[in-house]
Amino acid sequence: MAEFTAQVREAFDFHRLVFRIGELSSMTDVSARQLRYWEKKGLITSREREDGQQARVYTFKTFIKVSMMKYFLDAGYTLNGAAKQAQAREERVKYIHKFISTGMKGFAEIDGQMALNLGRFDDEQTLMAILPDEGEVHYKLLPNAEAQRVMAEIKA
DNA sequence: TTTCTGACA
DNA sequence: TGTCAGCA
């Protein structure tokens, strides 16, 4: 399991996935001229190339932002408006990431239903969110030992 | 070949 | 924004 996780991390190591301006341009349908202009205005960023060549390098994160800006631009927003929308989306993603990484401790199965471990509720109990295939999500407090047991079952 | 900056439209 | 020049 740990090996699989490591492989997934390796495959999705976005930090090492970078593009040159021509690549980003064809990927997003945003001209190189626009990309340079947007950068000049501080709407997007690029890195210097480590090999000393004078050519921009864009990260995956920038690719996402450019894609979003292109989308809003096509939807009729002005350049600044599109940038603002993209920025707002970035904030939401950050918030969601924080929410998930701090609140979600893993999946489990309770009475045949998928459940989400939301962490310690108090000294004795753990809060679980029950996610039925049908019907509404509801919550349940399990004794810590019980919670540990259902979590362990999933890993096995 | 590709990218870069600056200039003109 | 597109395009072209003149470099690296």
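Just so it is clear: chains get the letters A, B, ... in the order the sequence lines come, proteins before strands, and each one is counted from 1.
In this structure, A/Tyr95 is not a member of the same hydrophobic cluster as A/Ile64, with clusters built from ILVMFWY side-chain heavy atoms closer than 4.5 Å.
A donor-acceptor pair under 3.5 Å is absent between the side-chain atoms of A/Glu146 and the main chain of A/Pro143, judged by distance alone. Judged by distance alone, with hydrogens and angles left aside, the side-chain atoms of A/Ser25 form a donor-acceptor pair with the main-chain N or O of A/Val30 at under 3.5 Å.
Pairing for B/dT2 is with C/dA8, a Watson-Crick or G-U wobble pair whose two hydrogen-bonding atom distances lie under 3.5 Å.
Nearest heavy atoms, A/Tyr77 versus A/Ala82: CB-N, 3.8 Å. Counting all heavy atoms, side chain and backbone alike, A/Gln125 lies closest to A/Asp122 at N-OD1, 2.8 Å. Across all non-hydrogen atoms, the minimal contact from A/Phe19 to A/Leu24 is CB-N, 4.3 Å.
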Problem - B/S/- contact track for nucleotides 3-9 of chain B, protein heavy atom under 4.0 Å - result: SBB-B--

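Along DNA chain C, the stretch of nucleotides lying under 4.0 Å from any heavy atom of chain A spans, 5' to 3', C/dT1 to C/dT3.
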Handout entry: Intermediate values then yes/no, side chain to side chain contact (heavy atoms under 4.5 Å, CB included), A/Leu43 and A/Lys65
Key = CA-CA 9 Å; A/Leu43 270 26; A/Lys65 183 157 189 183; 5.8 Å; no

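The pair A/Arg36-A/Glu39 fails the salt-bridge criterion, with no side-chain N (NZ, NE, NH1 or NH2) lying under 4.0 Å from an Asp/Glu carboxylate O.
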